[in-house]
2 protein chains.
Amino acid sequence: MDICVTTLLRDKGFKVTPQRLAIYSALAATKAHPSAEMIYNELQPVYPTMSLATVYKTIEILKELNLVQVLNVGEDSFRYDADTTNHPHVRCMGCGRVDDLYGVDSSEFIKQVSSQTDYTLQGQQFYFYGMCPRCQKQTAAVS
Amino acid sequence: MDICVTTLLRDKGFKVTPQRLAIYSALAATKAHPSAEMIYNELQPVYPTMSLATVYKTIEILKELNLVQVLNVGEDSFRYDADTTNHPHVRCMGCGRVDDLYGVDSSEFIKQVSSQTDYTLQGQQFYFYGMCPRCQKQTAAVS
DNA sequence: ATTGTTGCAAACTATTTGCAAGGCG
DNA sequence: CGCCTTGCAAATAGTTTGCAACAAT
């Protein structure tokens, strides 16, 4: 995996630095769809001198290399996903967590949209909003 | 229409002010999904003393009254839509315009997602990205 | 050695908030 | 008249940028 990133970076003329590898690894190792700040906080213990700016700059490059995709779940900050397959996401209105939605076939839906519009479609993002199992229980307990 | 907003505002204990009516009217009169700043600029000639803060505060209220929905098309700013039915949107990667996608039935797709997740779903947003007809032509002309 | 990268601080932008003056009910 | 709203300015938060010191190739 990391070898892959190393090669990809070098091939595109980017230098391979420990910070870049660490940021990508952090993203690849989680399904939590962290924000820039969450990545920064997670790496603080290991890279105490690393700045938030470096996180942003690196994400910019990873985006260019198609190693991360950007999510815009309607919060104040962006979230990032090292899984670049185009899958829907769901955000919990209770705790704010963002999960993947696998096992959903959106191709029919996309085909339908494509036939209805005179746009040339290049991509899409599907965001669902609801309550995660844990927050459902808490709400039930309160009432 | 405006009578409707007036009534809704009063019923919920909000005061009816010319600014609020103007902001809602501006939103209801367009399909361009303007940002707060676009609304502000459009109303500048008519309400030269109105501030951006008022636009934001009013939108907050309209949101509460379910008179507008918020779009998060992946730009730096939010966009607003007085059409509160849940329809997909498409943004042109060329010129940035945002259009509605009508005539698309997403109920099957939503049902499928609903059955695949243990979230309790409350809503969703579908964003498509592509090239609008006008930008397609321009790109073709350049190449 | 060269060129890109880091990390700090400052800049920037969208949005929110505090508050005094003003307007709606 | 009382309370809500406006509009200004300042605050806030996320992200971006400039630049000198530094590191990868």
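Proteins come first, then strands; the chains are lettered A, B, ... in the order of their sequence lines, and each starts at number 1. Model, not experiment: these values are computed from the prediction.
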Whole-Å distance between [N] [atom2] and [X] [atom1]?
X	N	atom1	atom2	value
A:Phe78	D:dA13	CZ	C1'	13 Å
B:Arg10	D:dT5	CZ	C1'	15 Å
B:Asp11	C:dC24	CG	P	19 Å
A:Tyr47	C:dG7	OH	P	10 Å
A:Lys12	C:dT3	NZ	C1'	19 Å
A:Glu37	D:dT15	CD	C1'	11 Å
B:Phe14	D:dT5	CZ	P	7 Å
B:Leu52	C:dA14	CG	C1'	9 Å

### Query
Given that A:Ile61 and B:Glu60 both sit by DNA chain C, which one's nearest nucleotide is further toward the 5' end?
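That would be A:Ile61.
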
Under 4.0 Å from OP1 or OP2 of [N]: is there any side-chain N or O of [X] that close?
X	N	value
A:Ser51	C:dT6	no
B:Gln19	D:dG7	yes
B:Thr49	D:dG7	yes
A:Thr17	C:dG4	no
B:Arg20	D:dT6	yes
A:Ser35	D:dG14	no
A:Thr54	C:dG7	yes

### Query
Has the side chain of A:Ser35 got a donor or acceptor atom that lies under 3.5 Å from a matching backbone atom of A:Met38?
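Confirmed, A:Ser35 side chain pairs with A:Met38 backbone.
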
### Query
Is any N or O donor-acceptor pair between the side chain of A:Lys57 and the base of C:dG7 shorter than 3.5 Å?
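Present.
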
### Message
When you compare the side chains of B:Gln125 and A:Gln125, does any donor N or O come within less than 3.5 Å of an acceptor on the partner?
### Response
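No - no donor-acceptor pair under 3.5 Å links their side chains.
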
### Task
Would you tell me whether B:His89 and B:Asp100 have side-chain atoms, one donor and one acceptor, within less than 3.5 Å of each other?
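The criterion, which ignores hydrogens and geometry beyond distance, is satisfied for B:Asp100 and B:His89.
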
Side chain of [X] only, please: which of [options] is the nearest?
X	options	answer
B:Val16	C:dA14, D:dT15, C:dG25	C:dG25
B:Lys15	C:dT3, D:dA9, D:dC3	D:dC3
B:Ala36	C:dT5, C:dT15, C:dC24	C:dT15

### Task
Please confirm whether B:Phe128 and A:Phe126 have ring centers closer than 6.0 angstrom.
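Judged by ring-centre distance (under 6.0 Å), B:Phe128 and A:Phe126 do meet the cut-off.
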
### Task
State whether A:Glu60 and A:Lys63 are salt-bridged, where the test is any N-O pair (Lys NZ or Arg NE/NH1/NH2 against Asp/Glu carboxylate O) under 4.0 Å.
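A salt bridge is present here (some side-chain N lies under 4.0 Å from a carboxylate O).
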
